[in-house]
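So the structure is just underneath, and the comments pick up after that.
Everything numeric here is computed off the predicted structure, so don't read it as measured data.
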Amino acid sequence: MRNLSGDGIVEFVLVDFPTSPPLQLLLFVLFLVIFLLTLLENALIVSTIWLTPSLHRPMYFFLGHLSFLELWYINVTVPRLLGAFLTQEHRVSYVGCMTQLYFFIALACTECVLLAVMAYDRYLAICEPLRYPSLMPFSMATRLAASSWGSGFFSSMMKLLFISRLSYCGSNIINHFFCDISPLLNLTCSNKKQAELVDFLLALVMILLPLMAVVSSYAAIIATILKIPTAQGRHKAFSTCASHLAVVVIYYSSTLFTYARPQAMYIFNHNKVISVLYTVIVPFLNPAIYCLRNKEVKDALRKTVLGRCPYSRDIPD
């Protein structure tokens, strides 16, 4: 098995988290528990939204897509890491590395766009409540969700097209727990300027543009909320987007912190810890954040799991 450039490295070695055997076992148990809980939480969110007619609205439709994405997102990195903790097998084939990179980038970019779409939905619901049904019909929500997935996977395909054409003929050691762009670019022995330019331009489109859309939407939302005369009205309006805002802050802050200086990413071990935040912890926390802040989702989940507790429509959309 040779790389797509036709020569050089046929496998990589992921450093993961080098520690003593007892600590390796502890990390295995910790990551396994988080992994299983993440799968359970997000599967419950998806099934609850699917089975609850009152949640068949754009706000929850997008939340269902986000939870479905998180189910696959955590599966890109954690299962291989769990195996490495147990077997101490850190090697990954060239094709396996590129496959992991493709799905990681695709899902990360999709999440960036989907979070922006969710912010736009909240903007319409709060700032244009009377026109909301006509501005965000279910057909529009479906198109926006499909565009999020399509743009994410297309962006990943373009990035991988340039990265896979590079030659890797020096060190094959990646100081990370999964195959990411920056460590691979630092290992190549061929001219990487074109790949770096494509990566930079697509990062602008897939990360900064959605972030600008989120910031613009919440600026308008906050301005509208401040005009509401009563404290109860302001609290009720803000409660519809507080959970989404919390997810946005956690995801974008950790992502930007890591990729603001990609050339240094492989040098500092603490960047691996930051990567754990947005690849493992965020998918784990998202369902809890949405459920804790949203009474309608909590009641629907309770009814789905326990078969009781009728839900009410306390939160407008």
Indicate if [X] and [Y] have the same hydrophobic cluster label, given that clusters are the connected sets of ILVMFWY residues with side-chain heavy-atom separations under 4.5 angstrom.
X: F177; Y: V29; result: yes
X: I126; Y: I222; result: no
X: F85; Y: V13; result: no
X: F28; Y: V15; result: no
X: I74; Y: W72; result: yes

Which pairs of donor and acceptor atoms, one on a side chain in residues 133-144, lie under 3.5 Å apart (sequence neighbours left out)?
residue: S134; atom: OG; partner: R131; partner atom: O; Å: 2.8
residue: T142; atom: OG1; partner: F138; partner atom: O; Å: 2.9

Please answer whether the main-chain N or O of [Y] pairs with a side-chain N or O of [X] as donor and acceptor at a distance below 3.5 Å.
X: T188; Y: S167; answer: yes
X: T87; Y: E89; answer: yes
X: R234; Y: I225; answer: no
X: T279; Y: S275; answer: yes
X: Y94; Y: S164; answer: yes
X: N186; Y: S182; answer: yes
X: S47; Y: L44; answer: yes
X: S67; Y: G64; answer: no
X: T48; Y: I45; answer: no

Inset, instruction - Before giving the answer on side-chain contact (heavy atoms from CB on, under 4.5 Å), spell out for S217 and R122 the whole-Å C-alpha distance, their side-chain angles and the decisive distance to 0.1 Å. - result: CA-CA 8 Å; S217 296; R122 290 300 83 206; over 6 Å; no
Legend entry - side-chain contact (heavy atoms from CB on, under 4.5 Å) evaluation trace for F238 with I221: CA-CA 8 Å; F238 185 72; I221 288 172; 5.8 Å; no
Quick one: [atom1] on [X] to [atom2] on [Y], what's the gap to the nearest 0.5 Å?
X: I105; Y: D180; atom1: CD1; atom2: CG; answer: 7.0 Å
X: I207; Y: F200; atom1: CD1; atom2: CZ; answer: 11.0 Å
X: L285; Y: E41; atom1: CG; atom2: CD; answer: 8.0 Å
X: L71; Y: T38; atom1: CG; atom2: OG1; answer: 9.0 Å
X: L187; Y: N172; atom1: CG; atom2: CG; answer: 8.0 Å
X: Y120; Y: C127; atom1: OH; atom2: SG; answer: 11.0 Å

Inset, instruction - Would you kindly say whether Y60 and H65 are connected by a side-chain donor-acceptor distance under 3.5 Å? - result: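 There is no such pair (donor and acceptor under 3.5 Å, judged by atom type) between the side chains of Y60 and H65.
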Legend entry - Distance-only side-chain donor-acceptor flag, N286 / Y251, under 3.5 Å: no
With a 4.5 Å cut-off on side-chain heavy atoms, are [Y] and [X] touching?
X: L209; Y: L204; answer: no
X: Y252; Y: C112; answer: yes
X: L14; Y: R91; answer: no
X: Q24; Y: Q88; answer: yes
X: I49; Y: L63; answer: yes
X: F68; Y: N42; answer: no
X: F31; Y: T77; answer: no
X: L26; Y: L23; answer: yes

Legend entry - Pairs satisfying side chain to side chain donor-acceptor pair (under 3.5 Å), at least one member in residues 221-230, at least two apart: none
Smallest separation among heavy atoms of [X] and [Y], with atom names:
X: G152; Y: T110; answer: CA-OG1, 3.5 Å
X: P283; Y: E70; answer: CG-OE1, 3.4 Å
X: P183; Y: I174; answer: CB-CG2, 3.6 Å

Inset, instruction - Could you tell me whether R165 sits above the aromatic face of F162, with NZ or CZ closer than 6.0 angstrom to the six-membered ring centre and within 45 degrees of the axis? - result: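 Geometry flag: set, cation within 6.0 Å and 45°.
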Legend entry - Ion pair R80/D16, N-O distance below 4.0 Å: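 Salt bridge present between R80 and D16.
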Review item, side-chain donor-acceptor pairs of residues 96-104, under 3.5 Å, at least two apart:
residue: T99; atom: OG1; partner: V95; partner atom: O; Å: 2.8
residue: Q100; atom: OE1; partner: C179; partner atom: N; Å: 2.8
residue: Q100; atom: NE2; partner: V76; partner atom: O; Å: 3.0

Inset, instruction - Could you walk me through whether F12 and Y168 pass the ring pair (Phe, Tyr, Trp, His ring centres under 6.0 Å) test, one step at a time? - result: CA-CA 10 Å; F12 296 98; Y168 299 92; 5.6 Å; yes
Legend entry - Flag if over 12 foreign heavy atoms under 6.0 Å of CE, M212: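 Result for CE/M212: open.
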Legend entry - Atom OH of Y73: over 12 foreign heavy atoms under 6.0 Å: yes
Legend entry - Geometric class of the F178/H176 ring pair [parallel <30°, tilted 30-60°, perpendicular >60°]: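 The rings of H176 and F178 sit tilted, inter-plane angle from 30° to 60°.
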Legend entry - Proximity of F35 and F284 rings by center, below 6.0 Å: no
Inset, instruction - Would you check, one step at a time, whether the test side-chain contact (heavy atoms from CB on, under 4.5 Å) holds for E111 with V282? - result: CA-CA 11 Å; E111 181 157 359; V282 168; 4.3 Å; yes
Inset, instruction - Verify side-chain contact (heavy atoms from CB on, under 4.5 Å) between L166 and L184, making sure each step is shown before the conclusion. - result: CA-CA 9 Å; L166 300 175; L184 286 171; over 6 Å; no
